Structure formats: C-alpha cells, structure tokens
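See structure below.
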Amino acid sequence: MTLANQKANIIANLLIINFMQKINTPASDLYMCKSLSRNSNSSRYFRTPLSSLKKYILLVAGLSIILLSSCGGKKKERQVASKPQPILDSMYYINYMNNDPLLKEHTDWAKKFYRERGFKLGWFKNNEIVPQAKEMLSVINKADEEGLDPKKYQFKDFNTMFANLEAAKRDSAKFTEIQKEIDVALSATYFVWASDYYRGVVIPRENEEIEWDVKRNKIKLHKALMTVLKERESKYSYASFSPLHPDYARLKSALKTYRGIQAAGGWPKVTVSPKLKEGQSASVVSALKKRLGLSSTDSIFDAGTVDALKKFQSDQGLKPDGSLGAETVKLLNVPVEQRIKQIVLNMERWRWIPKSFEPNYLIVNIPEFRLRVYEKGEERLAMNVIVGKTMNSTPVFSDKMENVVLAPYWNVPASIVREELGPKIASDPGYLSRSNMELIDSKGNQVSPSQVDWGSVTRENWKYTLRKKPGPRNDLGDVKFIFPNTNDIYLHDTPHDELFSQSKRNFSHGCVRVEKPLQLAEYLLRPVGWDMSKIQSTIAEGKEKYVKLKQVLPVYLVYFTAWADENGNMHFRDDIYGHDQTLAKEYFSEVSAANLQPKESRKSKL
C-alpha cells in the first residue's frame, strides 16, 4: 500500500469514528447513518454496510489529499515566482565562457555586461524569461538569410532548458541553478551571433590576408545587448536585430531574390551574337529575355529587349551599347551561385564599416571606379576615377583630407624612380630638363643627375627628391588632394583625360585620379572663400599653393564588388585585385557553403 493510501485509510477511520460518536452509535453496530433532509427538520435513517460507507469516506479523504497537495504545489510555484532573482557569482559566467572555445573569445563582453548590471540576471524579469529571448532565437534560426550559418549559434538546446526550468518551479534551489545557466547561455549566444552579425565573421585587423584598413566598426556588444533588453536607448537598431546600414539591407533582399532564382534552376545560357540588330529574330533572344527577366520570351530582338540589355550592361559597368558582344555575354552567363557568394561577401564587408558615416565624407569605391561626396548624408558630387593597376593596387583604407594643393609638384615615388625613370635618366642626361623635372636634396638644393647611381636606387637608400614642376605636363595635373597616410596615396588631376572614357579604369600607380578635379576643389574650398575664378588664376601662376580645408573631411577608399541601388537593382563589378577570392577562402571556411543554398535545396539533400 502506498503512503498516500495509508494516509487516506487513517483519515477515513477517524472520520467514521467521529461521525458515529455524534449519532450515539457504537462502532461495532454500525449499520445505519443518519441523514437530514435538506428541506425539512425531519430525519430518516437508511441502512448501509460499513464497507460502503468507508469507501465513500476514503474517496472524500483522497480528494482532500489531492487538493491539499495541489494547493501546496501552487503555493510553492508562487513562492518561486515571487522570490528575489539570484545574483551571479563572477566566476560562474567566466568559467562558463572560458570552458568553451567558441565562447572564450567573448568572455570580456560577458564580464562587461554582468558587471555593469551588478551581476543581476539579464534575461529574466520576476523570474520569468523576457520575450526578447525567443525573439533572438527566432532571428538566429533565420541566420542563413544573412549569409550566416544558424548552426554556429545553436550550441545550446534552449527548448530543453526552458522545459527543465518550468518543471523545477517547485524546487527553489534547482530553479535558481537552471535560471543562472539559461541566463549566461542566452548572453553567450547573443555575443557569438552579434559579433558575426555586426562586426563580421572575418575580422580584417586579425587576419593579415585581408586588405582592409578602413576605420573599424567599434560596436560595444554588451551595450547592444542592454539595448535589446530595453535597459538603454540607442539610435542604432540593435533592439530589432536589424542591419545598421541600408546598403546591407538591400543586399540581404537581393540575396533572397537570387536564392529564389537558384531554387528555380538558375538562368539560361546566352550565346554571343554581336551582329544581332534591333527588330531581328534569333533563337538566342528567347534565352536572353528569360535571363533578363522579361515577361515575353519570343525570339524577336525588340526595343524593350534592347533597353533591358542596355540597363544590364550599365549595371555591370559596361558601355550600354545594346550589343551581345563577348564581354556582355560573359557577364550574362556568370552562374547564379557565384553571384550569391559575391553578394554574401559584400554583406560581410558592410559589417566592417563603422556603425555610421560622418554627415560629410568622401568615398571611392575602387572596383566601381567611382567617387562620391556626401554632405549631411546626401550625395552632392559624383565622378569617375582611375585607380591602381593590379600590380600597383590602390590600398583599401580611410583617413582625413586636410589640404588641397593647387599647381602641385609631383614628387616621384622611389619605386617609380627605381623601376621606370632611373634607367631613362641614366642613359639620357637631358631627360630631366626635357620632362620639366628637377632633382633636389633634403635642403631643396639642386642636384646633378650624374651624382646619382641610378642602378642601385632602393626605397631605403633613396635620399633625394625627384619631382616634376607645376604645369600642363605634370602627371598630377592642376590639383592634388591630400589626406596624410602611410601609403602615400592621394587624389589628383591628370593630363590624360581620355582614359576616363574607358569602362575599366585601373591604370595608375596606386593613387586615385579624379575626372572633375576643379569642380571637386571648388566644392571643398568654398567654405574658405575660394571660387572657380580664384582657383584657376592661382593655378595659372604656376606656383604650388597649399589651401587648408576649413574642416578635415573623412575619406574612405573601399572595395565593394556588389551592391543594390535604392530601386533594388543589383550592380556587380570585377574583382580587379582578387580581394573577393581571398575573403571567400576565409569566410567560407567559417560559414558552410551549404548554407548559401535555398532551404528547399538543402532539405532535398538530407
């Protein structure tokens, strides 16, 4: 007999004895019970066996025990809910983080988070899990939409942990232990996910293979988590787990579209047909229309198809001539899987960009060969640029512009002296004078070319300055824009304007040549009282003139090979320096390529 049954029997016997004593009946003669009529004062007797009466009372006693135990359980649950939430011991979360290699690198964030809150739990309120926990886990389940791997962040089985917490509500000590584990596990999960989502899977400053020296994103993840938990305000979208930059959000939307194309089987192959003219009919046109996403798929190369092809060419950085030439067809036939990877890699680069740009800044996108100036967040000036050749690549970095130089000297870099000009000067004593150049020492004194051993020049031993004088033949043209940096890179004019008509413009030794230097100079110098007339007259004097900007201007030289414009149109550019290829090796070693496929494709392979 169970303990509960024993208790019920004892209670039943006591109730019987008590009841019989009240009606003056010996226990040995128990055959009747007195029952009062509900509606009268009369009484009547009925005969019943003791066993039946006992069964009835046992039933009542059993129900009483159940109700009492149930009330006691609810009371305990209420006690758990109303008791103060536990305080974490600092060694608890430090050991928790340090014992897992994935979490260890985020221990400092956990320290800052819990120290700033006096070691109180973050994910519980009145001993109940806050809604943000499930919101975060839902976002993580969809991490593949960001080009990330959800499995990386699903290292804890929270469903089981939540169930165990619920089951432990009658055990205060056990409930507290599970609470603490859940709280630290949720914080750890957030830091691992948020680090990848906001700062990047691949951190450039921690990886020498990645060339990216742009001012880094200095997001404080513990502050971001406090914003998620509604413990502080922020102008950034941490609370909604949203992207920090609209450019990232547009790439994310494009990623979804391109994965849909992939799930539908990709796009058809298009063949080269350079002689195809508007109005003609050809079998290639049907495939072309499908590739361009047109509703009509007949074989007529009509005006609508020509316009769509020109738009595609423009979006790819080609001349929009409406012809199915080799270069156009090559880009039409790039597999959708490759474009998906390209989108993901450029989403990663946006995670490296600072949380927000300054109100005023200048940005050059190297693969696009394009410069833009922003004022109060709005584009004010845009122009084509020429960047470095593959062997003399323009570095990716950021700095601050301080001066505009009118009628500048061109100080020839030691590398160009050694590799290009040195041999010419050595074999031709009159080369410098004919080229409007001069050689000076550190004090500005003229030096004869015959005093230099041109064949042994290196960056380390070069102690002179070889420079071209101001004038129309100067390689820097009429204007130079200086933002001091260790790369010795700057923006400048060029006497070779014809190169700006090329669709691919990587011709320089690393510096950036601008298409409209005088307009840029006028825009930058207007706050200090310079107009176009004053700028041109100063240049005409042929004397180098430094003009300091009223305020330094942030300059960003970046590398994006894919982006979506405000209308959602995707633009792609060639990986001219191989930076995509280098990043892909690092990124996809961390993020499984399988997660770049649509969910439907992944399921079919399980």
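Along the sequence shown, the residues carry numbers beginning at 1. Bear in mind the structure is a predicted one, so any value in this text is a computation, not a measurement.
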On a heavy-atom basis, which atom in [X] and which in [Y] lie closest, and how many Å separate them?
X: Gln581; Y: Asp575; answer: N-OD2, 3.2 Å
X: Ile203; Y: Arg199; answer: CD1-O, 3.6 Å
X: Val514; Y: Val385; answer: CG1-CG1, 4.2 Å
X: Asp488; Y: Cys511; answer: O-SG, 3.9 Å
X: Ala308; Y: Leu294; answer: CB-CD2, 3.9 Å
X: Tyr556; Y: Pro554; answer: CE1-CB, 4.0 Å

Inset, instruction - Among Leu491, Leu557, Val555, Asn384, find the residue that satisfies the side-chain contact (heavy atoms from CB on, under 4.5 Å) test when tested with Leu371. - result: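 Result for side-chain contact (heavy atoms from CB on, under 4.5 Å) with Leu371: Leu491.
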Check the side chains of [Y] and [X] for a donor-acceptor pair under 3.5 angstrom, ignoring hydrogens and angles.
X: Asp580; Y: Tyr559; result: no
X: Asp321; Y: Gln313; result: yes
X: Thr582; Y: Tyr577; result: no
X: Glu419; Y: His509; result: no
X: Tyr248; Y: Glu146; result: yes
X: Ser138; Y: Asn141; result: no

Under 3.5 Å, which donor-acceptor pairs do the side chains of residues 393-401 form with other protein atoms, sequence neighbours left out?
{"from": "Thr394", "atom 1": "OG1", "to": "Gly388", "atom 2": "N", "distance (Å)": "2.8"}
{"from": "Thr394", "atom 1": "OG1", "to": "Gly510", "atom 2": "O", "distance (Å)": "2.7"}
{"from": "Ser398", "atom 1": "OG", "to": "Lys215", "atom 2": "N", "distance (Å)": "2.7"}

Enumerate donor-acceptor pairs with a distance under 3.5 Å from any side-chain N or O in residues 492-501 to protein atoms, sequence neighbours excluded.
{"from": "Asp493", "atom 1": "OD2", "to": "Asp478", "atom 2": "N", "distance (Å)": "2.8"}
{"from": "Thr494", "atom 1": "OG1", "to": "His496", "atom 2": "N", "distance (Å)": "3.1"}
{"from": "Ser501", "atom 1": "OG", "to": "Glu498", "atom 2": "O", "distance (Å)": "2.8"}

Legend entry - Lys/Arg cation over aromatic Tyr523: Arg526, 6.0 Å, 45° cone: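 Checked: cation-pi criterion met.
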Legend entry - Stepwise salt bridge (Lys or Arg N to Asp or Glu O under 4.0 Å) test for Arg250 and Asp247: CA-CA 5 Å; Arg250 290 195 289 266; Asp247 303 78; 3.2 Å; yes
[X]: which residues meet the salt bridge (charged side-chain N to carboxylate O under 4.0 Å, His left out) condition with it, sequence neighbours left out?
X: Asp298; value: Lys289
X: Lys310; value: none
X: Asp315; value: Lys311

Mind checking the [atom1]-[atom2] spacing from [X] to [Y]? Nearest 0.5 Å is all I need.
X: Met570; Y: Leu255; atom1: CE; atom2: CG; result: 9.5 Å
X: Leu318; Y: Glu327; atom1: CG; atom2: CD; result: 5.5 Å
X: Glu375; Y: Tyr361; atom1: CD; atom2: OH; result: 12.5 Å

Legend entry - Tyr197 and Phe241 aromatic centres sub-6.0 Å: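 No.
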Is it the case that the side chain of [X] and the backbone of [Y] share a donor-acceptor pair, with hydrogens and angles ignored and the cut-off at 3.5 Å?
X: Asn217; Y: Trp352; value: no
X: Asp574; Y: Ile576; value: no
X: Gln342; Y: Thr561; value: yes
X: Asn474; Y: Lys468; value: yes
X: Glu402; Y: Pro484; value: no
X: Arg370; Y: Asn365; value: no
X: Thr305; Y: Phe301; value: no
X: Asp149; Y: Lys151; value: yes
X: Trp267; Y: Val334; value: yes
X: Glu348; Y: Val202; value: yes

Inset, instruction - Answer yes or no: is there a side-chain heavy-atom contact under 4.5 Å between Leu381 and Lys516? - result: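 No, every pair of side-chain atoms sits at 4.5 Å or beyond.
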Legend entry - Non-hydrogen side-chain atoms of Glu590 and Asp196 separated by less than 4.5 Å: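 SC-SC contact between Glu590 and Asp196 ruled out.
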Inset, instruction - Answer yes or no: is there an ion pair linking Arg467 with Glu544, defined by an N-O contact shorter than 4.0 Å? - result: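 Looking at Arg467 and Glu544, the cut-off is not met.
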Check whether more than 12 heavy atoms from other residues, nucleotides or ligands sit under 6.0 Å from atom [atom1] of [X], and answer yes or no.
X: Lys290; atom1: NZ; answer: no
X: Lys550; atom1: NZ; answer: no
X: Lys389; atom1: NZ; answer: yes
X: Gln502; atom1: CD; answer: yes
X: Glu379; atom1: CD; answer: yes

Legend entry - Name of the residue among Phe560, Trp563, Trp212 meeting ring-ring contact (aromatic ring centres under 6.0 Å, His included) with Trp350: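 The passing option is Phe560.
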Inset, instruction - Pick out which of Ser286, Ser283, Ser281 makes a side-chain hydrogen bond (donor to acceptor under 3.5 Å, both in side chains) with Ser299. - result: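 Checked Ser286, Ser283, Ser281 against Ser299; only one passes side-chain hydrogen bond (donor to acceptor under 3.5 Å, both in side chains): Ser281.
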Inset, instruction - With sequence neighbours excluded, give me every salt bridge (Lys or Arg N to Asp or Glu O under 4.0 Å) pair touching residues 263-280. - result: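 Residue pairs passing salt bridge (Lys or Arg N to Asp or Glu O under 4.0 Å), neighbours aside: none found.
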